[in-house]
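What follows is a set of notes on a single structure, which appears directly below.
Reminder, nothing fancy here: chain letters follow the sequence lines and each chain counts from 1. Since we're looking at a predicted model, the values are computed, not measured.
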Number of protein chains: 2
Amino acid sequence: MITLAEENYLKAIWAISLNTNEKASTNAIADEISTSAASVSDMLRKLQEKELIKYEKYKGVELSEKGGNLATSIIRKHRLWETFLVNKLAFNWGEVHDVAEQLEHIKSDELVDKLDSFLGFPKFDPHGEPIPTKDGEIPTTNAIPLNELQTATKGRVMGVTLDEKSFLDYLTQLNIRIGTKIELLEKISFDQSLSINIENTNQHISNDVAKHLLIKIK
Amino acid sequence: MITLAEENYLKAIWAISLNTNEKASTNAIADEISTSAASVSDMLRKLQEKELIKYEKYKGVELSEKGGNLATSIIRKHRLWETFLVNKLAFNWGEVHDVAEQLEHIKSDELVDKLDSFLGFPKFDPHGEPIPTKDGEIPTTNAIPLNELQTATKGRVMGVTLDEKSFLDYLTQLNIRIGTKIELLEKISFDQSLSINIENTNQHISNDVAKHLLIKIK
DNA sequence: ATAAAAATTTAGACGAGTCTAAAGAAATAA
DNA sequence: TTATTTCTTTAGACTCGTCTAAATTTTTAT
Ligand SMILES: [Mn+2]
Ligand SMILES: [Mn+2]
Ligand SMILES: [Mn+2]
Ligand SMILES: [Mn+2]
C-alpha cells in the first residue's frame with residue numbers, strides 16, 4: 001500500500017525531472033512540496049525500500065519504472081478530475097487545482113476508467129496539460145513557450161504550464177484562454193518583456209508570464 | 001482542522017445514535033469502525049477537547065451541535081457521491097459505497113454545492129437513503145421495514161438500510177430494486193422468515209433481509 | 001589545493017493514531 | 001450485599017510523517 005504522503009513525493013520527483021530532465025535533488029523536492037530537506041531524506045529512504053525510486057545518497061533521485069507508473073497515474077487522475085470540474089461542474093480553470101490535489105488520491109481504477117469515459121476520453125485538461133492514457137502514454141504537441149518565439153510570429157495558445165489561481169486569473173483578464181490567437185510583436189531586450197496582440201488588442205506582458213504560455217505556431 | 005480519522009468517529013457516533021436513539025458506548029463505536037476500545041477512549045478525549053462531542057467518562061457519548069452538523073455534512077457528501085457514481089458514471093448500487101467512503105472526505109463546499117446542482121438536487125441516494133440538504137435537513141418518508149408489515153399488505157420498496165455489496169447483489173438477484181412493488185404473503189412464526197410476491201413471482205426471504213427493506217404501503 | 005559555503009544526511013524529538021496488557025468502574029449474578 | 005463478569009480507561013509502546021540541530025559530504029571559491 002502506498003500512502004498519500006508517498007504519492008505526493010513521487011509526484012514531486014516526476015514534476016522536477018519533467019522540467020530539468022535530470023535527477024531530482026533533495027532540496028528541489030523539499031522546495032516542491034514545502035517541507036524540510038531532512039523530511040525528504042527520510043522519505044527517500046522509505047521509497048527506496050519500496051523500490052519506487054532509484055536513489056544513491058548525496059547523488060539525487062529518479063523514479064523507478066514502478067514509481068514512474070504510479071506518478072503518471074496520479075497525474076492522470078489529477079487532470080481528469082480537473083476536466084470534470086470545469087466541463088461538468090462549471091468551475092473556472094483557476095479554481096480546480098486545489099480540489100484536484102485531493103481527488104487525485106482517491107483509489108479506484110474503475111472510477112478513473114468510468115470518469116474518463118464520461119468525459120469522452122479527453123486528451124488535454126482545462127489548462128491544456130496532456131492527460132496520460134490508461135496505459136501511461138502522454139499526448140504530445142509541438143507547442144513551444146511564447147518567450148521562445150521569433151518576433152512577428154502568429155500562433156494559438158495551446159496550454160499553460162502553471163496552474164496557480166493568480167496566474168490563471170491574470171490570463172483571463174488579458175483575454176487569454178486555450179485556443180486564443182496570439183501574435184508576438186516585439187521583445188524588449190532590456191527585461192525580456194513582450195508586446196503581443198490578442199484579438200486585435202495590443203498587450204504587454206512579462207517574460208515570466210510568457211514562459212508559461214505554450215503556443216502552436218501559424 | 002478536522003482529520004479524516006476524526007470524521008470517521010463522528011460518523012460512527014451519528015450512525016449508532018440514529019439506530020438506538022441513545023448515547024453511543026465505547027464498545028459500540030469500536031465495533032462500528034473496527035478498532036479497539038482503547039483507541040476509541042483516546043479519540044473521545046480528543047473530540048471532547050475540540051467540543052465536537054458531549055462525553056462523560058464511563059457514561060457514553062453523543063454529538064455536540066457542532067459535531068452533529070459535521071457528521072450530517074459528511075453523510076450528505078457520501079450520498080451525493082453515491083448518486084453521482086450511479087446516475088452519471090453507471091456504477092451499480094452495490095459498487096459505490098467503498099469509493100464514497102473515500103470521496104466523502106474531500107473538502108470543498110463549492111464542490112458539494114455544484115455536485116448537488118449537477119445531479120439535480122436529489123433527495124435520496126441510490127439506496128433510497130435520504131440526502132441531507134445544505135442546511136442539514138434530512139428528508140423523511142413514511143416507509144417502514146418489511147418485517148414490521150401486516151400479512152397481505154402491498155407496498156413499494158423505497159430504500160434499504162444497509163449498503164453492503166453482498167446484500168445489494170442478493171436483492172438484485174431477487175429482482176428487488178428501489179420502486180419495486182412488493183406484497184407480504186406470509187410470516188413464518190418459527191424463524192420470522194417471510195413469503196413475498198415480487199412482480200408476480202413468489203419468493204421467500206429471511207427476517208434479516210426483510211428488516212433492511214423499507215416499504216411504503218399501498 | 002585548501003578553505004569556505006552549500007547541500008545532504010543523521011540524531012533525537014514530537015503529535016496523531018493505533019495496539020496490547022493491565023487497572024479501574026459499572027453492571028449483573030449469587 | 002458481596003462476588004463475578006463486563007465495560008471502559010490508562011499505561012506503555014509502535015509506526016508514520018514531520019521538525020530542528022548537529023554532523024557529514026559535496027561543491028565552489030580563493
Ligand atoms: Mn492542477
Ligand atoms: Mn491542470
Ligand atoms: Mn454508502
Ligand atoms: Mn447509500
Side-chain angles (χ1 to χ4, degrees), chain A residues 1-17 19-20 22-63 67 70-71 74 101-102 104-105 107, chain B residues 1-17 19-20 22-63 67 70-71 74 101-102 104-105 107:
Chain A
M1 252 305 292
I2 186 167
T3 68
L4 189 144
E6 288 170 343
E7 290 193 343
N8 284 333
Y9 276 92
L10 294 181
K11 229 183 17 145
I13 297 165
W14 185 89
I16 291 164
S17 17
N19 295 328
T20 65
E22 50 193 44
K23 291 186 182 172
S25 71
T26 298
N27 266 350
I29 298 167
D31 226 69
E32 177 79 16
I33 62 188
S34 302
T35 190
S36 71
S39 299
V40 175
S41 269
D42 284 348
M43 184 56 95
L44 293 182
R45 202 178 21 73
K46 293 178 198 164
L47 292 172
Q48 174 80 298
E49 207 59 43
K50 294 193 175 185
E51 298 188 323
L52 294 169
I53 57 174
K54 286 178 273 184
Y55 170 51
E56 243 188 303
K57 271 200 300 200
Y58 294 103
K59 303 291 183 185
V61 60
E62 56 190 334
L63 296 173
L70 267 168
I74 299 163
E101 289 284 304
Q102 299 179 60
E104 71 190 8
H105 299 291
K107 285 173 180 59
Chain B
M1 252 307 292
I2 186 166
T3 68
L4 189 143
E6 288 169 343
E7 290 193 343
N8 284 333
Y9 276 93
L10 294 182
K11 229 182 18 147
I13 297 165
W14 186 89
I16 291 164
S17 13
N19 296 327
T20 65
E22 50 193 45
K23 289 185 183 174
S25 73
T26 300
N27 267 351
I29 298 168
D31 227 68
E32 176 79 15
I33 62 187
S34 303
T35 190
S36 70
S39 299
V40 175
S41 268
D42 283 349
M43 184 58 94
L44 293 182
R45 202 178 21 73
K46 291 178 200 167
L47 292 173
Q48 175 79 300
E49 206 59 42
K50 294 192 174 186
E51 299 187 323
L52 295 169
I53 57 174
K54 284 178 275 182
Y55 170 52
E56 242 188 304
K57 271 202 296 198
Y58 295 104
K59 304 289 184 187
V61 61
E62 55 189 336
L63 296 173
L70 267 167
I74 299 163
E101 289 284 304
Q102 298 179 61
E104 72 191 7
H105 300 291
K107 285 171 181 63

Item to complete: Answer yes or no: is there a side-chain heavy-atom contact under 4.5 Å between B:Thr26 and B:Val61?
Response: no
Item to complete: Identify the 5'-most and 3'-most nucleotides of DNA chain C with at least one atom closer than 4.0 Å to a non-hydrogen atom of chain A.
Response: C:dA7 to C:dT10
Worksheet item: Taking only residues two or more places apart in sequence or in another chain, which ones pass salt bridge (charged side-chain N to carboxylate O under 4.0 Å, His left out) with A:Lys50?
Response: A:Glu6
Discussion item. Among residues 31-39 of chain B, which ones have heavy-atom contacts with DNA chain D below 4.0 Å?
Written reply: B:Ala37, B:Ala38
Worksheet item: Quick one: side-chain contact (heavy atoms from CB on, under 4.5 Å) partners of B:Glu101, sequence neighbours excluded?
Response: B:Lys11, B:His78, B:His97, B:Glu104
Discussion item. My understanding is that only residues two or more places apart in sequence, or in another chain, count here; which of them pass side-chain contact (heavy atoms from CB on, under 4.5 Å) with A:Ser17?
Written reply: A:Ile13
Worksheet, complete the sentence: Partner of A:Tyr9 under side chain to side chain contact (heavy atoms under 4.5 Å, CB included), picked from A:Thr35, A:Thr3, A:Leu52, A:Ile53, is A:Thr35
Which atom pairs, one a donor and one an acceptor, fall under 3.5 Å between side chains of residues 38-48 of chain B and the rest of the protein, sequence neighbours left out?
from    : atom 1 : to      : atom 2 : distance (Å)
B:Ser39 : OG     : B:Ser36 : OG     : 2.9
B:Gln48 : NE2    : B:Tyr55 : O      : 2.6

Worksheet entry | Residue list, side-chain contact (heavy atoms from CB on, under 4.5 Å) with B:Ala28, at least two apart or on another chain | B:Ile16, B:Ser25
Identify each atom pair where a protein N or O and an N or O of nucleotides 15-17 of chain D are less than 3.5 Å apart, giving names and distance.
from   : atom 1 : to     : atom 2 : distance (Å)
D:dG17 : OP1    : A:Thr3 : OG1    : 2.5

Discussion item. Regarding A:Thr26, tell me which of base, sugar-phosphate or nothing describes its non-hydrogen contacts under 4.0 Å with the strands shown.
Written reply: sugar-phosphate
Fill in: Side-chain N,O (B:Asn27) to OP1/OP2 (D:dT8) below 4.0 Å
yes
Item to complete: Applying side-chain contact (heavy atoms from CB on, under 4.5 Å), name anything that partners A:Glu7, two or more places apart in sequence or on another chain.
Response: A:Ile2, A:Ile74, A:His105, A:Lys107
Fill in: Residues from residues 53-62 of chain A lying under 4.0 Å of DNA chain C - heavy atoms
A:Tyr55, A:Lys57, A:Tyr58
